[in-house]
Every structure is written in structure tokens, then in C-alpha cells.
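In what follows, chains are A, B, ... by sequence order, proteins preceding strands, each numbered from 1. This one's a predicted model, so the numbers in the text were calculated from it and none came from an experiment.
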Amino acid sequence: MKALDILRTAIGNSFRSRLRTTLTVIAIFIGAFTLTITNGLGTGINNYIDTQVSAVGAPDVMTVTKPTETATTSDGPQKYDPDAASTISSGTGQPGATVVALTDDDITAIGAIDGITSVEPIVRVSPDYVSWGDNDKFVLSLSALGGRVAVDLAAGSGFTSDSTTAEIILPTDYIEPMGFADYDSAIGQQVTIGITDALREQHTVTATIVGVQEPTLFGTTATLNDTLTTELFDAQSTGLPASSTEEFASAVAHFDPASTDQEVSTIKKDLTAAGYSGTTVSDQIGTFQTVIDGIILVLNAFAVIALLAAGFGIVNTLLMSVQERTREIGLMKAMGMSGSRIFALFSAEAVFIGFLGSAIGSAVGIALGSVISSVLANGFLSGLVGLQLIAFTPISIISVILLVMAIALVAAVLPAAKAARQSPIDSLRYE
Amino acid sequence: MTPSALSTSDLRKHYGSGSTRFEALKGVSLDIAEGESVAIVGKSGSGKSTLMHILALLDAPSGGSVMIDGTDASTLRGRRLNELRNRTFGFVFQQFFLTPNASVLENVMLPLKIARVGSRERKRRAHEALQLLELDDKARNKATDLSGGQKQRVVIARALVNNPRIIFADEPTGNLDSATGAVVEDLLFDLNRTKGITLVIVTHDEELAARADRRIYLRDGLVVDAIDVHAPASEAVGA
């Protein structure tokens, strides 16, 4: 029999017992459907995180901190060292986590590390409010990741590079309450930012709105340019002794954007050797993605279990089919059909059933997933602009179908081998 | 003398071992000439089906040898054996063995499909075979929708479609009433005469056996009395 004839005959055979084939296809359908949806969920969430990554920071930036020496042995409390630099709240990481403050010397040392093109200290400012004209004042929270980020803008053009004027990007949900008619009309307007210094005296700084930003996974935060940050920092530091203004929680190190992952990890290693710790944006985002991938993996595992159960369904269907067609198999063998072609015939039938189940499962999965996703995007998840909860890539769909067909092929081995082994005489005698 | 199509020498076959050992054939030697019609006659349990299976290379003997066209069948393996079966033999069974939900045409085409004949050629030859058996109008029908006699004619068309040199018929009229049985018999002997196809009929029916050129009687796995009935058989065929 030619390969095409085998395929055609196998497809024909699978329709001969419609009810049985349908039931098996349903079992596969459930598995393939689940797998398509869970994969789609993973793709959707990871796509969203990927766009967030570009919103959060440039890829050529690394946050450098000086971690505290943790007590490595249990030989009692650490001795106080009066010469050690003071610790400072990192503002990132778990609450209460502290890092050793960076001094100007540290900044120079970091800048000297091979591969780092420039380094600037990150100063932390905590403004009290933002307001426009005589409108209401609103609490202003800033992006924990500081300036220098590539943000996903709803309006405006973003920071002008090397600007010496104070510039701010506000999140979308500030615009209306602050009294602007729409996003575009806010661009270019001057806002007033209030900030309190150490002596409880409030200062105001004015800044120009250069962009309106979509909310991100990290909440609705405003982003400031360097000039504004410096102005706010100066205002905030009024009355503080000079030494405390020369201590920084962290610094931003720039490296060549064309650096490979390996070069980046070399820089990180060098930083570690020098007593610093460098974290890129993708490191921070990577943690999110690892968690998401872990959840998706568990969900996929359940779907695969369903598929394995369906695999036994295929074994059962084919065994019955072999049993029913004993005579036919015997006849074909008597007519000179080889055992390997009989094997191929039954395997092809299983693969076809697998294909049918997975194709229908994937199609329904895509249809339903898209509907659910768009309903959620307009309803309950409308706050997360750009999140398509369930997204599909052709590769993941094709791999689901191929996986199911592979499972079907494995399931076919036992019944197909049984059919191939059958002796023509025993089969023809079978009553 | 015509060359022999099939011959056996001291053919033995046993099943099981020890106390359950059963000797189906205890040394059968025979010679079937090209173009001959032979009836293997015996009661059930005489070993006639076993003999036919071995002659059709569906089973291997426990002892002795089968020569087909001067080749020892035991030397044939795998692909060569399958090709030989496919090209040389046609089968007609008492129970028809038609694929129930497939069309008559599909059923007749099966040997050609196995022989990897192209789709168009396959259809042409199947229709030709069906025409010969006056069943071409039933080509699209399901095999199960036919009467017993029609079914057996489909089976003969299937046996014929690949131009076999030998047709094995196992109780070909066993499931048919005498009128339709006679039609089927006529068809088989006609093919034997006009196309020169060697016909090996396995039967317990003396009347059917009488129409063959030669009868081989089997009892308890042994050839008991082979009577050459060449002359009278030819007369009977002419009827």
C-alpha cells in the first residue's frame, strides 16, 4: 500500500465506528483545549510583561548597590565598625532591607569597572504633591526605578535628552483629576511639585509635563528627568549636613547597549568582586516571568495529564478496532500486505484521531480564549492597558497539535503491533 | 506434461506439543499442474484447510516442503513472500470476508491497493473485474447491502482483479443456496478454462468436487485416494 493510501484508508477506518471515534476525539479535545488555553495564558501574560520591560527601563542600565555583609557564621552579633559606611534603606527589595550607602568613592570605583560607560548616583526624593494652577493637589508617587526609563506613552514625546529644564511624565489617571481636559492638552503645561525638607519646611518646584504614561504593572507612578530630580533633591536636602547628601542608596551604571548577555554577566561578576551588586531591569522582570512560567508549567502539567488519560482512550479504541477488524487484517495479510504496513495503517489511524481532537481543541481554545480575553480586557482587566490575558502564537498551537499526535502515535504502538503480529490464518479462522 | 504450479513433498503439520499435540498433516505429497482445477476433498478435521493454508503460503509446514514455480517456499521471506502472495494468489472464502462499510468497488480494489497500483488504474481494473461478473452497476453499493450470491461474486472479482495465477476457494458455495452456488461454481470453472487460472477448491461437497479436473481426498491428514477424473470433469464443465 502506498503511504497516501494508508493515510486515506486509516482516515476512512477511523470514521467507520463513529461513536467510538467521537468519544476518543472528545477526550483528546479536552486535553488539547486545556493545553491551548494554558499556553495562551502564558503567552499573553509574558507578552504583557515583555512590553512592561520596555516600559520600565532601558536595556543598557544596571542598578548598583552595595549589599550589607550578612553575618555568615553564628558566632554572635557583628562587631560595630565605626569606619564602616552607614546603611541606608534601599527602597527596593523586601521592606526594611538595607544596603550600605554608596559614597562618591564608590561611584568612582564602579565607574572604573570594565564595560561600564558611565555611572550616576540615584538620589531619592519624596515629593508631597503635584498640582496644576489653582486646581487640587494630589499625592505624587514616583517610579521606584528612577528616571532614564523608556516609558509606554499615551501622549507626549517623553524627555528631551540632556534637557536642563525640569520635566515630568505623569500617569494617565492623574490627568483628569488635576484639571486637564485630555492627555494632549496636558503636554507642555507647567505643574507645581511640593516637597518638604528636613526642617519641615515646604518648597515648591515647577516642571513641564512632557508625557502621559500608561499605568504599568508597577502601579501608577510619575517619572522625573535628572534635572527635576536634582532640583527636588536640593530642595529636600535644605538644612541637612553635607555628608548625608553625599550618600546614596544606589547608583545607575550604563553599559554598551550592544553588550551580549555574557558581557553583562561579566560586568556583574566584576561588580560582585568589587563588593557591589548589579541588577539589570531584565533581572528584576525575570523574577516575574519565572513565577508566571512556573504557574503555566503546573497548569500545562494538568493538561498533559488529561492528554495522557486520552492516550489510554486511544489505546482502547484501537484495541477494539483491531479486534473488530481481525478478519480484515488477516485478509490483507493473505493478500500480501506486510506487517509493517498494517502497523502503519493503525498508527496512522491513531495519529489522525489525535490530529482531529487536537485541531478541534485548539480551534475552540483559540476562539473561546480570544472571546474571554477581549471580554476581560474591556471589563475586569481594563485597568491594565495592553494586557491581552490569553494570546496565541502559531508555534505554540502547532506544538500542541504535534504533541497530541506524538502521544497518539505512542498510544498506537501496542494495538498496532498486535495487529501487525496477527497471523493471517488465525485471523481468517476467527469466528 | 504441463509444468507444475504447486507441489508438496511429505508435508507435515502439527499443532501443540506433548499430550495436546495434534497432527493435522501426516505427510502429504501432491503436485498441481499449471491451469489445472483441483478439489481437495475431506471432512472437517481431515486437514484440508491446513493444507490449503500451507499451499497458499499463509502457514509454514512443520516438515516437508512446498515448491512454487520450482522455488522452495521456505526460502521466501518478507517482501518477496508478500509480493508473491499478492501477485500469484486470489482467495475466495466461504464467509466472503468483505469489508462491511466499504463500497463494492473499494473491496474489489483492495489487492491492487496493497500492490501499490495507482488510483486510476486501480479503478479501471476493478470495474473491469466487476463487469466480468456483471456487478458493475453495484460498484457504489455497500458490500453488506448485497445478497449472498452477489457477495460471493464480489469476492471472486476481488480474487481476480490482480490477475492471479492460482485461485484458492475455501468452500466457495458453502454459504449459498444451490442455485446461486451453481452460478458461482460456473464462474470459477469458467475462469479456470478461459483464463487458465489454476483453481484449488477446498470442499466437502462431492458434487462440487466432481466438476474439478482432479480430486485429492484427505482423511486424518493423509491423502487416501487420488482419482483422476479428467475426462468426465470436462463434460461437466460444459454443462
Part of [X] within contact of chain A (heavy atom distance under 4.5 Å):
X: B:Arg158; result: side chain
X: B:Phe89; result: neither
X: B:Arg122; result: side chain

**Asked** Are there more than 12 heavy atoms of other residues, nucleotides or ligands under 6.0 Å from atom NE2 of B:His204?
**Response** no

**Complete:** Residue from B:Ile114, B:Leu81, B:Asp170 scoring the most non-hydrogen pairs under 4.5 Å with chain A is B:Ile114

**Message:** Can you confirm whether the side chains of A:Thr393 and A:Thr43 place a donor and an acceptor under 3.5 Å from each other?
**Reply:** no

**Message:** With no hydrogens and no angle check, just 3.5 Å: does a side-chain donor-acceptor pair link A:Asn13 and A:Arg16?
**Reply:** yes

**Asked** Does the side chain of A:Val404 reach to within under 4.5 Å of the side chain of A:Ile28, using non-hydrogen atoms?
**Response** yes

**Request:** Determine whether B:Leu110 and B:Glu106 make a side-chain contact, defined as any pair of heavy atoms from C-beta on separated by less than 4.5 Å.
**Result:** no

**Asked** For B:Ala212, does its backbone N or O pair with a side-chain atom of B:Glu36 as donor and acceptor, under 3.5 Å?
**Response** no

**Message:** Measuring from atom CG of A:Leu318 to atom OG1 of A:Thr24, what distance do you get when rounded to the nearest 0.5 angstrom?
**Reply:** 8.0 Å

**Asked** When rounded to the nearest 0.5 angstrom, what distance separates CD1 in B:Ile197 from CD1 in B:Ile167?
**Response** 4.5 Å

**Asked** Going by residue number, which parts of residues 336-367 of chain A are within reach of chain B, meaning a heavy-atom gap below 4.5 Å?
**Response** A:Gly336, A:Met337, A:Ser338, A:Arg341

